[in-house]
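Notes follow the structure.
Only heavy atoms go into these numbers, but all of them, side chains included; no hydrogens, no water, no symmetry mates. Remember, it's 1-based here, ligands and their atoms both numbered in the order they're listed.
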Amino acid sequence: MSNTSDAVLPVILAAGLGTRMKSRTPKVLHELCGRPMLAYVLDAAREVGGRRPLVVYSPATAEVTETFGDEADFAIQEMPLGTADAVRAALAVAPEEVGEILVLSGDVPLVQSDLLAELVDLRRARNAAMAVVAVHSVNPTGLGRVVRSDDGGQVLRIVEQKDATPEELEIDEVNAGVYAFDAAWLRRRIADVKPSPVSGEFYLPALVVLAREDRRAVVSVEVEDDGTLSGINDRSQLAEAELDLRLSINERHMIEGVTIVDPLRTYVDFAVELAPDVVLEPGVILRGKTRIGEGTRIGAGSQIIDTVVGRDCLVWASVLESSEVEDEVQIGPFSHLRPGSSIGRKARLGNFAEVKASRLEPGVQQHHFSYIGDAEVGERTNVGAGSITCNYDGVRKHKTRIGKNVFIGSDTMLVAPVELGDGARTGAGAVVTRDVPAGMLAVGVPARLRKPRAAASPPAEEPATPEAPAVPEAPGAQGAEPVTR
Ligand code: UD1
Ligand code: CA
């Protein structure tokens with residue numbers, strides 16, 4: 001990182017149409033590991049330590065101003081006529097006093113800040129008009145070729161693929177598309193760039209020839225092709241860059257003590273945080289701002305999005321979205337936490353359990369085909385097989401409140417709004433339409449209240465009624481067996 005680059009203005013080119021992506025989304029907003037590619041370029045630019053970056057956009061890419069409005073200044077290029085024209089648009093709004101300009105491409109997202117600092121320092125040390133990055137490329141196709149003097153020392157010009165002669169196409173040294181410029185010189189000469197007779201575009205690399213005419217130095221940083229300077233023009237290159245980034249993210253976590261069983265098939269977004277002794281099985285996808293605590297195992301095929309999971313949990317083939325999971329919880333297989341769910345310590349959810357916008361207190365058990373939505377469920381309550389909160393009446397959503405140590409019998413329908421007091425029970429198949437006070441038993445369709453047998457005072461024969469429970473009380477009070485693994 002440079003400590004002498006205070007005056008540098010980073011300019012990021014992001015006005016191109018990106019037609020090779022064949023997308024309605026601007027190219028630089030396509031994502032790599034959960035972030036738009038432009039975000040990575042902005043990071044690298046900021047790390048160089050100069051001024052606030054200036055992003056060049058066009059009407060077709062105006063979305064970048066909404067996405068990055070707080071992080072950059074913007075210059076508009078009305079028509080994307082080429083990279084030199086884009087820099088001209090940047091100079092039109094750049095402050096007068098800027099002495100050095102660093103030009104970056106919005107579509108070269110893996111560029112490293114130490115290389116940028118080296119480029120800036122080299123140009124300054126040699127008082128060159130411009131400095132370029134030349135890559136010894138394994139696959140130069142489509143890129144600008146760096147043409148050197150016979151002794152190999154001087155950069156004579158950079159030729160675009162479309163404009164190159166067959167001999168020039170043989171050159172395997174290519175232009176990376178990042179440049180440092182003497183800003184005063186650039187301001188004087190940018191208008192002299194002529195459009196390419198082949199494509200009609202104004203090429204930024206054409207400035208090499210203008211600098212030589214002025215007898216100003218053009219210097220180059222030469223690097224091997226390690227993928228960090230690969231430009232992304234189409235979806236295939238997007239996938240290649242993402243693979244590189246994914247492997248480096250996984251590598252970083254493994255060094256910090258995370259076990260990743262199959263790093264090629266584990267998808268961890270850029271901002272995800274993983275504690276030591278987390279285990280990620282194959283096919284795991286961790287998105288957004290997910291955080292996983294120490295010792296937690298995420299089983300094969302799980303997808304976790306913007307969710308915080310505590311320590312020593314087991315998540316098994318499940319989908320968790322925008323939720324919170326405390327320590328020592330077990331989830332799955334095949335469970336779904338929808339946004340706004342909060343699962344207390346040592347709770348157990350599994351075998352097709354769905355939870356939405358609900359709080360489950362510690363020790364809750366919810367196994368076997370069940371749905372809890374817009375609810376609060378107290379400590380150690382057992383949600384029996386097939387039980388659901390009927391939280392939607394077709395027009396509005398309603399709340400369900402369930403106390404602690406409640407026993408919800410199999411196949412209970414809790415028709416919200418409804419409240420079950422501490423220690424309440426429901427019979428199998430009960431359709432609970434009214435509140436159940438603490439300690440009471442609700443049975444039948446619709447459910448009627450009784451005192452549970454254990455707590456019952458001397459048997460008072462109940463009259464037979466047409467509302468008799470659908471299922472007799474004793475077996476009805478049973479849930480399915482708790483699962484342990
Ligand atoms: C460019 C270079 C090429 C280099 C390659 C490296 C030119 C003429 N060619 O080619 O030498 O090898 O990058 O990846 O510069 N942009 C604008 N306005 C425009 C045109 C482009 O802002 O009018 C932006 C694009 O959004 C993109 C960047 O500039 O972020 C590069 O443009 P692109 O069309 O991708 O250039 P390449 O053909 O890749
Ligand atoms: Ca490109």
Give a yes-or-no answer on whether the side chains of [X] and [Y] include a donor-acceptor pair shorter than 3.5 Å.
{"X": "R88", "Y": "Q77", "result": "no"}
{"X": "Q161", "Y": "R145", "result": "yes"}
{"X": "S137", "Y": "D172", "result": "no"}
{"X": "H398", "Y": "D393", "result": "yes"}

Next on the checklist: I'd like to verify the contacts: list protein N, O or S atoms under a distance of 3.0 Å from the Ca ion (ligand 2).
Outcome noted: D107 OD2, N233 OD1
Checklist entry - Do the two ring centres, one from F270 and one from Y40, sit under 6.0 Å apart? => result yes
Checklist outcome for this item: K289 meets the salt bridge (charged side-chain N to carboxylate O under 4.0 Å, His left out) criterion, sequence neighbours left out, with none
Checklist outcome for this item: By salt bridge (charged side-chain N to carboxylate O under 4.0 Å, His left out), E66 pairs with (sequence neighbours left out) none
Checklist entry - Can you find a pair of side-chain heavy atoms, one from D312 and one from D327, that are under 4.5 Å apart? => result no
Next on the checklist: Cation-pi check for Y267 against R246: NZ or CZ below 6.0 Å from the six-membered ring centre and within 45 degrees of the axis, yes or no?
Outcome noted: no
Checklist outcome for this item: Per the under 4.0 Å non-hydrogen criterion, ligand 1 touches L13, A14, A15, G16, R20, K27, Q77, P80, L81, G82, T83, A86, S105, G106, D107, L143, G144, E160, N175, A176, Y203, P205, N233
